[in-house]
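Below, chain A is the first sequence line, B the second, and so on; all start at residue 1.
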Number of protein chains: 2
Amino acid sequence: MNNYTDMLRDHNLKVTPQRLAIAQALDVRGHMSLDELYHVMLEKFSSISLATIYKNIHIMLENTFIQEVKLPQAKSVYELTKASHAHLSCEKCGAVEDIMLDMDVLVKQAMQKSSYKIQEASLVLGGICKNCQ
Amino acid sequence: MNNYTDMLRDHNLKVTPQRLAIAQALDVRGHMSLDELYHVMLEKFSSISLATIYKNIHIMLENTFIQEVKLPQAKSVYELTKASHAHLSCEKCGAVEDIMLDMDVLVKQAMQKSSYKIQEASLVLGGICKNCQ
DNA sequence: CTTTAAACGATAAAAGTTATTGTTTAAACT
DNA sequence: AGTTTAAACAATAACTTTTATCGTTTAAAG
Ligand SMILES: [Mn+2]
Ligand SMILES: [Mn+2]
Ligand SMILES: [Zn+2]
Ligand SMILES: [Zn+2]
């Protein structure tokens with residue numbers, strides 16, 4: 001009865017070896033594209049179907065077990081759902097990092113300027129990571 | 001020698017009737033998905049090829065005549081390049097609006113917290129527009 | 001243990017995007 | 001204005017990505 005098992009059950013997802021491996025991979029690596037996830041999964045399950053990856057990403061998104069992060073100049077990456085946060089994206093090596101930023105002031109400003117009821121903020125900051133500088 | 005002609009020439013794009021219509025459509029409607037653009041173009045050019053839309057979007061992106069906006073829960077939309085700005089996206093009707101917000105403080109904060117050299121910020125605020133409330 | 005609905009792998013089908021080819025045309029140059 | 005040429009065009013084939021189908025396996029409940 002490990003950690004990922006409980007997490008999957010909490011999101012009404014049946015616990016399978018494939019899903020446990022997806023959860024672990026995303027937990028360890030943070031952010032992964034669909035392709036990356038598929039190739040990592042192939043190492044553990046040499047005959048896993050690509051359709052299984054697609055279907056699990058879908059249902060995991062529906063059940064908010066994971067989140068999709070759309071990056072400006074690259075393929076989407078996926079991550080385990082956690083507290084809302086922004087992203088740093090290195091335009092040289094493609095690395096993606098989390099960063100906690102207080103967006104309350106900005107969101108409040110936006111609600112005053114516009115007539116929108118804002119529910120969520122998606123911020124991706126593009127730049128060059130320490131390693132690539 | 002209209003306005004869109006000059007704009008296209010400024011971005012090293014050969015001026016064709018199709019491109020003038022794309023520029024006008026994006027100028028008038030603000031943000032359009034590839035499909036929307038294709039269908040609007042079909043009204044003016046009943047036999048325009050979908051490949052022409054794809055190719056023009058590509059070269060216009062390359063030459064920074066237009067920008068792509070990736071929305072969290074919807075297809076990408078495209079817009080004429082203008083001063084950097086954030087977006088409001090209505091999760092009910094799909095409307096997309098521009099909003100000018102000063103992100104300097106936030107970006108400065110992010111550069112201090114991380115070791116990234118930040119070059120651009122992409123912010124999409126999801127919510128409910130005035131009409132849909 | 002059974003039972004059963006869900007998940008799986010394999011693979012076909014559909015949708016989305018890019019490449020190819022012959023024709024047309026915008027723009028440069030007489 | 002007429003000629004030339006490279007780029008853009010429409011048509012469509014090829015390729016990639018995503019989704020649907022189907023027979024089999026398995027997680028979870030009883
Ligand atoms: Mn993240
Ligand atoms: Mn915009
Ligand atoms: Zn980097
Ligand atoms: Zn709306």
Please report, rounded to the nearest Å, how far the [atom2] atom of [N] is from the [atom1] atom of [X].
| X | N | atom1 | atom2 | value |
| --- | --- | --- | --- | --- |
| H39(B) | dG16(C) | NE2 | C1' | 14 Å |
| L8(A) | dA6(C) | CG | P | 17 Å |
| E68(B) | dG16(C) | CD | P | 15 Å |
| D6(A) | dA28(D) | CG | P | 11 Å |
| L34(A) | dT18(D) | CG | P | 6 Å |
| N12(A) | dA28(D) | CG | P | 12 Å |
| R19(A) | dT26(D) | CZ | P | 15 Å |

Legend entry - Per K14(A) side chain, nearest of listed nucleotides dA6(C), dC8(C), dA26(C): dA6(C)
Legend entry - Straight-line distance of E68(B) CD to S122(B) OG, nearest 0.5 Å: 10.0 Å
Legend entry - Over 12 foreign heavy atoms within 6.0 Å of CG, N131(A): no
Inset, instruction - Output yes when a side-chain donor or acceptor of R19(A) lies under 3.5 Å from a complementary backbone atom of L8(A), and no otherwise. - result: no
Legend entry - Members of residues 40-65 of chain A that approach DNA chain C, where some heavy atom sits under 4.0 Å away: S47(A), I48(A), S49(A), A51(A), T52(A), K55(A), N56(A)
Inset, instruction - Return each pair, listed once, that meets side chain to side chain donor-acceptor pair (under 3.5 Å) where at least one residue sits in residues 92-119 of chain B; pairs must be two or more places apart or across chains. - result: H31(B)-D98(B), K82(B)-D98(B), H85(B)-D98(B), H87(B)-D98(B)
Inset, instruction - Tell me, with the steps shown, if Q24(A) and K44(A) meet side chain to side chain donor-acceptor pair (under 3.5 Å). - result: CA-CA 12 Å; Q24(A) 187 188 32; K44(A) 259 192 191 168; 2.8 Å; yes
Any [X] side-chain N or O less than 4.0 Å from OP1/OP2 of [N]:
| X | N | answer |
| --- | --- | --- |
| Q18(B) | dT25(C) | no |
| R9(B) | dA27(C) | yes |
| T16(A) | dC8(C) | yes |

Legend entry - All ring-ring contact (aromatic ring centres under 6.0 Å, His included) counterparts of H58(A), not counting sequence neighbours: none
Legend entry - Between K55(A) and Q18(A): side-chain donor-acceptor atoms closer than 3.5 Å: no
